[in-house]
Q: 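Encoded as structure tokens, here's the structure I'll be asking about.
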Amino acid sequence: MPAEIISGTKVAASIREELKEKVTEIKAKKGITPGLAMVRVGEDPGSVSYVSAKSKASEQLGIHSQTIVYPIDATEAEVLAKVEELNRDPKFHGILVQLPLPKHIDSDKILNTIDPRKDVDGFHPVNVGRLLIGEPYFMPCTPHGVQELLIRSGNSPEGKHVVICGRSNIVGKPVMAILMQKKKGANATVTVVHTGTKDMASITRQADILIAAMGRPKAITADMVKEGVVVIDVGVNQVGTTAEGKRILVGDSDFEGIKEKAKAITPVPGGVGPMTVTMLMANTVRAADMQSA
Ligand code: GUN
């Protein structure tokens, strides 16, 4: 039987409804409006589009958002000073600096300056460490979205063998840290495979749940998974453009081949993508709640 297609668009919409209610409750009970400040440097088209999506989502949920835009030649000192100002500004509970930053600005230095209690991306080393010990202030947005997609599609990772393909700091490693915790909605046996892994297919074939996050188009093929696997595809790879100039996107897994064999699979686009912005909204609401406790 062909796989169930897990719609990230639908799951994200239902989480956003819950968040809208939560925002209304925070406004009524605490008299504050959750606030998100975003910093963008330069006009990278991806960054412009992501920041605009985050700003629209904020507006829809009743979150106050502001985007501070700097020209591409802004100095590191200017951006650092802005982050420090935002750290002190009680209107903003969450701060996000959109990556990538231009090469003359040290991204780590900027990210490490964000107050960990306002770091809604979850990229600050304090938050990375807290995640690992199971006491996160914030979970990074895409990895948290992966966990929510599994739970809300009825494919809880508890007791399952999860194989993560890819060991990046923004996806592979945090997904590992989240799913291996002794917690509800986690408690999985986790294996991480990567470019140093010998005979990767012999491991991916053992996966009850496979997370594809290596950034290579259609790298996971049907012969690399077992019958009944659940595949969450985090990859977004542009492989061309249509005659109308639209981007052609594919994931890190061969969707067409795998869907004949899998129990469930996420599409690209419309899978993990819509979850990322939604979990950022969830973190901003959580930040406001925490800071007004
Ligand atoms: N650039 C690409 N993805 C992200 C993200 O999740 N957060 C930030 N701040 N920048 C990004």
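One-based numbering, in listed order, for ligands and for the atoms of each. Counting begins at 1 with the first residue of the sequence.
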Q: Backbone N or O of K160 within a donor-acceptor pair of the D208 side chain at under 3.5 Å?
A: no
Q: In this structure, which one of K27, K22, R117 forms a salt bridge (Lys or Arg N to Asp or Glu O under 4.0 Å) with D289?
A: K22
Q: For S253, is there any backbone N or O sitting under 3.5 Å from a side-chain donor or acceptor partner on D233?
A: yes
Q: Taking atom types as modelled, is there a side-chain donor on Q66 or K91 under 3.5 Å from an acceptor on the other?
A: no
Q: Taking the non-hydrogen atoms of F123, is any one of them nearer than 4.0 angstrom to ligand 1?
A: yes
Q: Mind checking whether V97 has an N or O less than 3.5 Å away from an N or O of ligand 1?
A: yes
Q: May I ask you to identify the nearest protein heavy atom to atom 4 (C) of ligand 1, giving residue, atom name and distance to one decimal place in Å?
A: Q98 NE2, 4.1 Å
Q: I need the nearest protein heavy-atom contact for atom 1 (N) of ligand 1: residue, atom name and distance, please.
A: L99 O, 2.9 Å
Q: Tell me whether K10 is salt-bridged to E4, with the criterion being a basic N under 4.0 Å from an acidic carboxylate O.
A: no
Q: Do me a favour and list the nearest non-hydrogen protein atom to atom 8 (C) of ligand 1 with residue, atom name and distance?
A: D121 OD2, 3.3 Å
